[in-house]
Protein chains: 2
Amino acid sequence: MYQINILIVEDEEKLRKLIKKYLFLEGFHVHEASNGIEALKIFDTETIDLVVMDVMMPFKNGYEVSKEIRKTSQVPIIMLTARSAEDDKLQGFDVGIDDYVTKPFSTRELMARIKALLKRTNVTSTNEKMQFGVLSIDTGARRILVDGEDMTFSPKEYDCLMYFVDNANQALSREQILNRVWGFDYFGDDRTVDTVIKRLRKKMGIEGDRIQTVRGVGYRFEV
Amino acid sequence: MYQINILIVEDEEKLRKLIKKYLFLEGFHVHEASNGIEALKIFDTETIDLVVMDVMMPFKNGYEVSKEIRKTSQVPIIMLTARSAEDDKLQGFDVGIDDYVTKPFSTRELMARIKALLKRTNVTSTNEKMQFGVLSIDTGARRILVDGEDMTFSPKEYDCLMYFVDNANQALSREQILNRVWGFDYFGDDRTVDTVIKRLRKKMGIEGDRIQTVRGVGYRFEV
DNA sequence: AAATTTCGTCATAATTTTGTCACAATAATT
DNA sequence: AATTATTGTGACAAAATTATGACGAAATTT
């Protein structure tokens with residue numbers, strides 16, 4: 001499946017690696033640049049779906065880089081800034097910054113912002129058609145057929161199934177599922193997952209038992 | 001469905017890519033040329049519905065290229081010029097330039113001019129007659145029949161339906177619909193889409209439920 | 001400029017989704 | 001076999017999302 005590409009532009013290596021790690025854990029494909037020049041080079045040669053960039057950088061600051069990027073692209077940009085002065089923000093939005101995160105920030109906050117922005121700007125994975133027994137999934141149509149019948153899956157059910165499909169034959173803990181499908185900022189019962197699984201299995205009909213219980217851990221989608 | 005083909009002739013790559021990006025977002029199929037020779041070559045081999053061309057270019061300037069094109073075609077041409085002197089404009093119209101945009105211009109202005117010119121010169125997506133159950137669409141006449149009855153669709157309704165038809169069986173988010181039907185520079189409520197959908201469904205009669213709600217996302221037109 | 005149509009927003013209704021809980025069922029352990 | 005831990009499931013109410021009618025502003029036509 002197609003992975004979403006994110007470019008991190010941050011001169012402070014520790015912070016860059018930290019962000020990279022969390023983005024990686026969220027399933028993104030991550031590109032790194034430690035300065036603006038490098039960033040623009042990568043941006044020109046790679047397909048980038050979203051940019052996370054520090055304002056303060058040697059050579060070229062974040063705003064200048066954004067301005068360059070905006071000449072050719074409407075890619076979503078999130079700016080990291082140490083200062084939180086109002087005029088700073090205004091300047092940012094002028095250059096077409098889509099969102100703003102003030103340091104220090106929690107990785108959780110940053111992840112939330114990134115996901116929200118991706119959603120807002122409609123960056124999604126490509127259209128695919130998949131088949132598992134009598135279960136057909138058409139991601140472009142966001143439609144699922146069971147035994148040829150159109151089955152309506154709720155957003156949570158759909159997202160959950162997608163997560164399973166993307167990680168077929170892997171045992172996924174409830175926590176992992178919660179993190180990915182509900183978002184890492186979700187504070188709810190682990191067992192919520194069980195309920196969605198129950199509904200999924202039911203709707204999937206005969207293919208329902210592709211979702212195996214992994215006792216003490218969570219679930220596994222088998223292909 | 002047939003996409004409108006636009007040829008951009010501009011030697012400055014950054015600007016060319018920028019225009020391309022915006023045209024793409026508006027749903028056009030875009031061809032690029034960085035000079036007059038290349039432009040003529042593409043014009044000969046591709047079907048081009050409209051040309052956007054810079055006057056100032058190496059080798060052959062915009063007027064010369066236009067003259068060449070006019071020998072065989074009445075394709076609408078928009079000229080980009082840095083100078084705004086009157087004689088310039090006159091010379092342009094002499095060679096059969098249809099419209100004129102002076103640099104620097106906003107992408108919004110250029111898009112508006114392009115759309116206006118397409119409308120003026122009656123370039124529409126080809127005349128097609130489509131049938132979906134009792135719903136007949138004649139894009140050439142911009143007319144829709146429901147159950148044999150002539151039904152009047154408002155511009156928004158019509159455009160929206162066309163977007164659906166062009167992307168049949170695809171889940172389209174409200175944002176995507178807004179971007180394409182209302183234009184990327186529209187800042188309004190997501191829910192506006194719902195209202196047009198409501199009106200569409202009503203006018204489409206029995207075929208109204210070809211427009212399916214995709215919960216948490218938007219809508220899908222099913223064929 | 002008057003009349004008509006279109007369009008966006010809002011309030012409210014209708015519908016669907018979702019999380020939790022209680023209890024049943026099942027598996028693991030003693 | 002009994003006990004304990006874990007998972008399955010139906011029910012239900014709250015929350016979220018979508019449908020719809022109404023209304024006035026804006027645009028278009030007459």
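All chains are named by letter (A, B, ...) in the order of the sequence lines, taking the proteins before the strands, and each is independently numbered beginning at 1. Note: hydrogens, waters and symmetry copies are ignored here, and every other heavy atom, side chains too, is used.
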To the nearest 0.5 Å, how far apart are CD1 in B/Ile211 and OH in B/Tyr219?
9.0 Å
Tell me, which of residues 145-157 of chain A have any heavy atom that sits under 4.0 Å from an atom in DNA chain C?
A/Ser154, A/Pro155, A/Lys156
Walk along DNA chain C from 5' to 3' and tell me the first and last nucleotide with an atom closer than 4.0 Å to a non-hydrogen atom of chain A.
C/dT17 to C/dA27
Qualifying residues under salt bridge (Lys or Arg N to Asp or Glu O under 4.0 Å), relative to A/Asp194, sequence neighbours excluded:
A/Arg174, A/Arg191
Measuring only between side-chain heavy atoms, which start at C-beta, is A/Leu172 closer than 4.5 Å to A/Phe221?
no
So which nucleotide from D/dT18, D/dT20, D/dT7 ends up closest to the side chain of B/Thr195?
D/dT20
How is A/Tyr158 classified with respect to the nucleic acid when contacts are heavy atoms under 4.0 Å: base, sugar-phosphate, or nothing?
nothing
Atom pairs and distances, side-chain donor-acceptor, residues 15-22 of chain A, under 3.5 Å, sequence neighbours left out:
unit_1  : atom_1 : unit_2  : atom_2 : d
A/Arg16 : NE     : A/Glu32 : OE1    : 2.9
A/Arg16 : NH1    : A/Glu10 : O      : 3.0
A/Lys17 : NZ     : A/Glu32 : OE1    : 3.2
A/Lys17 : NZ     : A/Glu32 : OE2    : 3.2
A/Lys20 : NZ     : A/Glu32 : OE2    : 2.8

Using 30° and 60° as the class boundaries, would you call the ring planes of A/His31 and A/His29 parallel, tilted or perpendicular?
parallel
Would you jot down, in residue-number order, the residues of residues 200-208 of chain B having a non-hydrogen atom under 4.0 Å from DNA chain D?
B/Arg201
Specify the angle, to 10°, made by the local axes at the two ends of the helix from C/dA1-D/dT30 to C/dT30-D/dA1 when five pairs are taken at each end.
30°
Looking for any heavy atom pair under 4.0 Å, which part of the strands does A/Phe187 touch: base, sugar-phosphate only, or nothing?
nothing
